[in-house]
Amino acid sequence: MKCIVFNNLKGGVGKTTSAINTAACLSRAGYRTLLIDMDPQGNASKNLGMPESDFTITDILLQNAKIKAFNVRENLVLIPSSTQFARFETEAKEKLRREELLSKAIEPIKDKVDFIIIDTSPSVGLATVNAYCCADYLIVPMEAQQFALDGLNQVLDLYKAIREQLNSNLDLLGILFTRHRKNVILNKDLYNAMTEAFPGKTFETVIRENVALREAPHHTQTIVDYDLDSNGAKDYVKFTQEVLNRLGI
Ligand SMILES: Nc1ncnc2c1ncn2[C@@H]1O[C@H](COP(=O)(O)OP(=O)(O)OP(=O)(O)O)[C@@H](O)[C@H]1O
Ligand SMILES: [Mg+2]
């Protein structure tokens with residue numbers, strides 16, 4: 001089992017879009033996949049059409065409820081989130097080993113899945129720290145935009161701090177460029193600059209700006225359900241293959 005967290009401390013860069021569609025591509029390729037929504041916004045849960053649930057990540061992490069995931073697609077199960085999960089930041093502070101609550105919680109399910117994909121919120125809080133502590137790999141989705149580098153530096157600082165203090169097993173799998181527009185010079189320049197600055201760390205696949213990716217969540221569909229011929233679907237299928245290659249799978 002490999003656990004991958006998608007995080008960037010900047011909002012709206014495609015974390016959720018990348019987490020759900022990578023999870024969808026993995027499950028479609030036959031890998032048993034668990035998606036964990038660690039964001040109180042609950043976008044991953046909503047985008048997959050998960051009805052408001054009484055049982056969420058909050059129950060598992062704060063009430064010690066037995067881990068349970070919902071079937072959302074063939075080979076794809078989800079642990080949903082909800083606004084309730086915002087409580088985690090204050091209530092988990094009372095707990096011992098509060099950074100490791102998620103890693104402990106997933107123990108019983110680890111052998112039952114091939115991949116765990118975690119979607120996170122754009123803030124550095126205990127929920128995000130728990131996700132980093134649980135993961136084997138970090139993928140940083142980023143938009144090639146002005147100030148994008150500030151967000152990236154913050155993520156890399158967090159990544160280094162976690163590696164040094166809490167999870168030495170965590171590895172940066174790569175930086176994924178999202179919402180790429182090939183005619184925008186900044187997009188190309190930033191991609192090239194980043195590839196130079198982080199050799200081997202930028203994914204070759206970039207996710208193009210694609211209207212189907214924006215539409216699919218409104219139909220509670222992943223991009224591969226919604227339009228397999230879209231550039232969005234092609235990019236996430238290709239990206240998932242690149243992830244598997246990087247993992248030597
Ligand atoms: N490649 C793309 N092409 C077009 N629209 C996209 C693309 N990627 C993401 N979007 C849209 O951009 C918006 C933000 O994406 P998303 O929700 O994935 O970002 P996020 O990083 O998870 O945001 P947050 O920080 O709020 O959790 C959404 O409306 C999504 O549909
Ligand atoms: Mg999100």
Side-chain angles (χ1 to χ4, degrees), residues 1-9 11-12 14-24 26-27 32-135 138-139 141 167 216-222 225:
M1 191 282 294
K2 309 263 184 235
C3 178
I4 306 175
V5 56
F6 284 78
N7 182 247
N8 188 326
L9 299 170
K15 292 181 290 295
T16 301
T17 305
S18 300
I20 61 177
N21 289 311
T22 306
L26 287 169
S27 59
R32 295 164 303 167
T33 307
L34 163 65
L35 178 66
I36 305 179
D37 189 348
M38 285 288 280
D39 182 355
Q41 293 184 96
N43 288 340
S45 313
K46 285 181 221 153
N47 292 0
L48 283 167
M50 178 76 207
E52 284 273 312
S53 165
D54 285 345
F55 186 89
T56 65
I57 188 72
T58 313
D59 298 280
I60 298 171
L61 299 185
L62 286 179
Q63 328 296 353
N64 300 323
K66 193 164 167 263
I67 194 162
K68 184 170 86 180
F70 296 87
N71 260 317
V72 283
R73 300 288 185 282
E74 196 179 349
N75 289 326
L76 179 59
V77 293
L78 168 75
I79 297 177
S81 182
S82 71
T83 49
Q84 284 289 315
F85 189 52
R87 285 167 37 207
F88 182 74
E89 297 301 327
T90 47
E91 292 181 25
K93 277 200 186 128
E94 317 280 308
K95 295 191 178 265
L96 286 173
R97 307 188 75 165
R98 53 190 171 270
E99 296 92 357
E100 292 159 26
L101 297 170
L102 182 63
S103 347
K104 259 183 72 192
I106 63 156
E107 281 295 330
I109 214 168
K110 262 177 154 173
D111 293 339
K112 301 196 175 89
V113 293
D114 302 307
F115 284 97
I116 297 180
I117 303 291
I118 310 177
D119 184 30
T120 53
S121 82
S123 59
V124 197
L126 261 183
T128 303
V129 169
N130 262 269
Y132 273 69
C133 284
C134 180
L138 165 67
I139 292 178
N167 179 9
H218 297 289
H219 301 267
T220 61
Q221 288 184 341
T222 68
D225 299 329

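Nothing fancy with the numbering, it's 1 onward along the sequence.
Of all heavy-atom pairs spanning A135 and N167, the tightest one is O-ND2, 2.9 Å. Between S121 and P40, the shortest heavy-atom distance links the atoms CB-CD, 4.4 Å. Minimum interatomic distance between L48 and T222 (heavy atoms only, all atoms of both residues): CD2-CG2, 3.5 Å. Here the closest non-hydrogen pair linking S27 and N75 is O-ND2, 3.2 Å. Residues K15 and G11 come closest through the heavy atom pair NZ-CA, 3.9 Å. Between L35 and A19 the shortest heavy-atom distance is CD1-O, 4.1 Å.
Each of L26, D37, I36, I139 was checked for a side-chain contact (heavy atoms from CB on, under 4.5 Å) with I117, and the lone residue meeting it is L26. The side-chain contact (heavy atoms from CB on, under 4.5 Å) test with T120 singles out one residue from L138, V5, N8, D39, and that residue is V5.
Applying the side-chain contact (heavy atoms from CB on, under 4.5 Å) criterion to N64, with sequence neighbours excluded, gives K95. Residues passing the ring-ring contact (aromatic ring centres under 6.0 Å, His included) test with Y132, sequence neighbours excluded: none. When the salt bridge (charged side-chain N to carboxylate O under 4.0 Å, His left out) test is applied to D225, the partners found at least two apart in sequence or on another chain are R73. Checked against salt bridge (charged side-chain N to carboxylate O under 4.0 Å, His left out), E74 has no partners two or more places apart in sequence or in another chain. When the side-chain contact (heavy atoms from CB on, under 4.5 Å) test is applied to K104, no partner is found at least two apart in sequence or on another chain. Residues passing the side-chain contact (heavy atoms from CB on, under 4.5 Å) test with T17 are N21, L213, Y236, sequence neighbours excluded.
Between the side chain of D119 and the backbone N or O of F6 there is no donor-acceptor pair closer than 3.5 Å. A donor-acceptor pair under 3.5 Å is formed between the side chain of D59 and the backbone N or O of T56. Side chain of K68 to main chain of I60: no donor-acceptor pair is present (N/O by atom type, distance under 3.5 Å, no hydrogens or angles). In this structure, the side chain of E89 engages the main chain of L126 through a donor-acceptor pair within 3.5 Å.
With rounding to the nearest 0.5 angstrom, the CD atom of Q63 is 7.5 Å from the CD atom of E91. Taking CG from N130 and CZ from R98, the interatomic distance works out to 10.5 Å, rounded to the nearest 0.5 Å. Here L34 contributes atom CG and K110 contributes atom NZ; the two are 12.5 Å apart, rounded to the nearest 0.5 Å. Here D54 contributes atom CG and Q84 contributes atom CD; the two are 10.5 Å apart, rounded to the nearest 0.5 Å. The distance from the CD1 atom of I20 to the CG atom of N47 is 4.5 Å, given to the nearest 0.5 Å. We find the OG-CG distance between S81 and L61 to be 9.5 Å, quoted to the nearest 0.5 Å.
The side-chain heavy atoms of I57 and F88, taken from C-beta on, include no pair separated by under 4.5 Å. With contacts defined as side-chain heavy-atom distances shorter than 4.5 Å, the pair P122/Q41 qualifies. Within the 4.5 Å cutoff, no side-chain heavy atoms of D114 are placed close to those of T33. Between L102 and C133 the shortest side-chain heavy-atom distance does not fall below 4.5 Å.
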**Asked** Step by step, would you call V124 with T128 a side chain to side chain contact (heavy atoms under 4.5 Å, CB included)?
**Response** CA-CA 6 Å; V124 197; T128 303; 5.5 Å; no
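Residue E107 places its CD atom among more than 12 non-hydrogen atoms of other residues, nucleotides or ligands, all under 6.0 Å distant.
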